[in-house]
There are 2 protein chains.
Amino acid sequence: MLKFIIENNENYQPGLSIDCVIFGFHDNQLKVLLIKVPHSEKWSLPGGFIPIDQDIDTAAVTVLNERTGVEGIFLRQFAAFGKIKRNDDHFGKEVLKYLNIDPEKGKWLTRRFVTIGYYALVDFLKIVPNRINSNEIIEWIDHKEVPELILDHKEILNKALDTLRIELNLMPIGYNLLPEKFSMPELQKLYETILDKKLDRRNFMRKITNIGILTKLDEKKNNVAHKAPNLYSFDKEKYDEVLKNGLNQGW
Amino acid sequence: MLKFIIENNENYQPGLSIDCVIFGFHDNQLKVLLIKVPHSEKWSLPGGFIPIDQDIDTAAVTVLNERTGVEGIFLRQFAAFGKIKRNDDHFGKEVLKYLNIDPEKGKWLTRRFVTIGYYALVDFLKIVPNRINSNEIIEWIDHKEVPELILDHKEILNKALDTLRIELNLMPIGYNLLPEKFSMPELQKLYETILDKKLDRRNFMRKITNIGILTKLDEKKNNVAHKAPNLYSFDKEKYDEVLKNGLNQGW
DNA sequence: AGTACATTGCGTCATAATAACACATTTGAC
DNA sequence: GTCAAATGTGTTATTATGACGCAATGTACT
């Protein structure tokens, strides 16, 4: 980080940053991957800067990996944020002070940054966030209990969630969010959690089944209270096909 | 422009630009507003740079106005483009050479720019593109006959059109694209042109009527071949309501 | 004036999608 | 064994959709 700030003018895209909204699903909760840096009381989205020799989409993957250790996931760009006062003077100065950097050298940091938002849905269990930087804390936090975030990160998070809800109508989800074998109630809970809305059990099942991306397994979930639900898996081939063509055509 | 390039480091957001895809509808054709600058054989989208004291959304309006004279339209951000070789060295050097600027002073221009794309649907007739810069040519061009464009502008244009087609399923359109009074076939042609697809006349009418955003006028179009179609207008209040709430909910 | 033809307005019909709900079955808890 | 909670598999009514039919309107042409 320190190395970055000093070398910024040469090796990084000026005035631009990337912030990632990483959604995971666990215990029937939609979780978001957040980072807490020591020089602030607030949490933040994992973000960073754009190497001048990388496409921004590639840079998003790099940034996420450097901040969290998370690897090999597909990040979807959803919006750019560029209000003039989105990163105020104060914030930049705090960082410089904390890192003991000459305010003149780090001047660029206190100017307005435009940030590009990326989001992803990942398997909660497969992502074990490494603590790359020993003084940073990385945690999955329930999206309903997200504390105050730095800058406009809350706005970015909300926009990501809005985008996700819209995309839910255009494409199937769940492949990276659920274990390989899952029950219908689990899949439904995922949808309900993202949409923050109750769905009818029977209508949900019919609709999701008709999409044709599920394989019903000859196996039941065990160690559950009450009647054991059947298990399903995604038919990856058909899943990808639907991903490509979209769900509804509308007109 | 020249003033801008020399003063850039101080007054504009570095490394970032904005490009606008302005769609208009006329003669049953979807038109795009394009600009031809003298220092290139190719056409380009109206674009420009971001004043450091403006929100990017505001800057988009400013940029469009400065390049085309177009005023007071809502621009929708749809994507950021940032491949490392999207603006190659060659392009920047050409511009500097044409403007007779010391390559050292304009060095920043030859680096990678990330551009943020905005699109809008506007009334073809209400927008009379002024030629601000006497050596620039501004024209409405049929989107099916768009010539080769500079840099990745064709990609930007295509992405805008893709976004527009998706949004067509989520919200009503036409308010800024058609005259105040319009016939059903005119509205249908608009949809068909954007989607590049034939729609059934009768089903289209039923569906669009059911949305509840149209007011049937007691008036017929005149000076037309064959049977005169009835005229309609948008019920702005309901139109805005649907715009806010969206069309389909899906889940 | 009369006819041909393109276009509009207003239908129908079969099918699919959706919302709301009924009922029997399975399983753990008491 | 009985109860409660959850699952599996329906039904029914309503609405939306896609594919047409046909009469009415107005222009163009003989």
Side-chain angles (χ1 to χ4, degrees), chain A residues 27-28 165 168-172 174 178-179 181-193 195 197-233 242 245-251, chain B residues 27-28 168-172 174 178-179 181-193 195-233 242 245-251:
Chain A
D27 282 342
N28 289 337
R165 282 176 181 152
L168 213 58
N169 295 321
L170 304 174
M171 54 186 61
L178 296 172
K181 301 172 179 183
F182 52 89
S183 68
M184 197 54 77
E186 283 171 332
L187 183 57
Q188 182 178 339
K189 269 274 175 255
L190 171 60
Y191 274 78
E192 288 182 338
T193 304
L195 294 169
K197 187 162 92 178
K198 282 266 162 220
L199 300 174
D200 182 273
R201 201 167 53 84
R202 296 147 289 188
N203 293 336
F204 175 81
M205 180 168 175
R206 184 180 28 189
K207 188 162 174 176
I208 205 90
T209 302
N210 281 340
I211 296 174
I213 53 173
L214 296 181
T215 308
K216 186 173 182 175
L217 304 175
D218 191 20
E219 195 175 343
K220 284 176 194 301
K221 196 172 172 74
N222 46 17
N223 290 327
V224 290
H226 315 296
K227 179 169 180 178
N230 212 312
L231 289 178
Y232 293 81
S233 67
V242 176
N245 300 329
L247 279 176
N248 303 328
Q249 29 236 40
W251 286 100
Chain B
D27 282 341
N28 289 337
L168 214 58
N169 295 321
L170 304 174
M171 54 186 60
L178 296 172
K181 300 172 179 183
F182 53 88
S183 69
M184 195 55 76
E186 282 171 331
L187 183 57
Q188 183 177 340
K189 269 273 175 257
L190 172 60
Y191 274 78
E192 288 183 339
T193 304
L195 294 169
D196 198 22
K197 186 162 92 176
K198 281 268 162 220
L199 300 174
D200 183 272
R201 201 167 54 83
R202 296 147 288 189
N203 293 337
F204 175 81
M205 180 166 175
R206 183 180 41 193
K207 189 162 174 176
I208 204 91
T209 301
N210 281 341
I211 296 174
I213 54 174
L214 296 182
T215 307
K216 185 173 182 174
L217 304 175
D218 192 18
E219 195 176 344
K220 284 177 192 302
K221 196 172 172 75
N222 46 19
N223 291 328
V224 290
H226 314 296
K227 180 172 179 177
N230 211 313
L231 289 178
Y232 292 80
S233 67
V242 176
N245 300 329
L247 279 176
N248 302 328
Q249 28 237 41
W251 288 101

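Reminder, nothing fancy here: chain letters follow the sequence lines and each chain counts from 1. Side chains included, hydrogens not; waters and symmetry mates left out as well; all remaining heavy atoms used.
- Nucleotides of DNA chain C nearest to B:Ala228 and B:Trp251 differ in position, and the one nearer the 5' end is that of B:Ala228.
- The interatomic distance linking B:Lys227 (NZ) with D:dT25 (C1') rounds to 5 Å, in whole Å.
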Exercise. So B:Tyr191 and B:Leu199, side chain to side chain contact (heavy atoms under 4.5 Å, CB included) or not? Walk me through it.
Worked result: CA-CA 8 Å; B:Tyr191 274 78; B:Leu199 300 174; 4.0 Å; yes
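- Here D:dT7 presents its C1' atom at 11 Å from CD of A:Gln188, a figure rounded to the nearest Å.
- Across B:Pro172 and B:Ile213, no two heavy atoms sit closer than the pair CB-CD1, 3.6 Å.
- Just one residue in the list A:Leu231, A:Leu190, A:Leu214 forms a side chain to side chain contact (heavy atoms under 4.5 Å, CB included) with A:Phe182, and that residue is A:Leu214.
- Considering CZ of B:Phe204 and NZ of B:Lys198, their distance stands at 12.0 Å, rounded to 0.5 Å.
- Side-chain contact between A:Leu170 and B:Asn169: absent, with no pair of heavy atoms (C-beta onward) separated by less than 4.5 Å.
- Atom pair A:Phe182:CZ and D:dT7:C1' shows a separation of 16 Å (rounding to whole Å applied).
- The separation between B:Ile211 atom CD1 and D:dA16 atom P is 11 Å, rounded to whole Å.
- As rounded to whole Å, 14 Å separates atom C1' of D:dG8 from atom CG of A:Leu231.
- At a threshold of 4.5 Å between non-hydrogen side-chain atoms, the residues A:Leu195 and A:Arg165 count as touching.
- Between the P atom of D:dT7 and the CG atom of A:Asn223 lies a distance of 16 Å, rounded to the nearest Å.
- Residue A:Lys220 contributes atom NZ, which lies 7 Å from atom P of C:dT27 at whole-angstrom precision.
- OP1 or OP2 of D:dT9 has at least one side-chain nitrogen or oxygen of A:Lys216 nearer than 4.0 Å.
- Across all strands shown, B:Lys221 has no heavy atoms under 4.0 Å from either base or sugar-phosphate atoms.
- Two residues are said to be in side-chain contact when any heavy atoms from C-beta on lie closer than 4.5 Å; A:Met184 and A:Ile208 meet this criterion.
- Residues from residues 197-208 of chain A that place a heavy atom under 4.0 Å from any atom of DNA chain D, listed by number: A:Arg201, A:Arg202.
- Atom CG of A:Leu247 is separated from atom P of C:dT18 by 11 Å (rounded to the nearest Å).
- If you check every strand for non-hydrogen atoms under 4.0 Å, B:Asn210 touches nothing.
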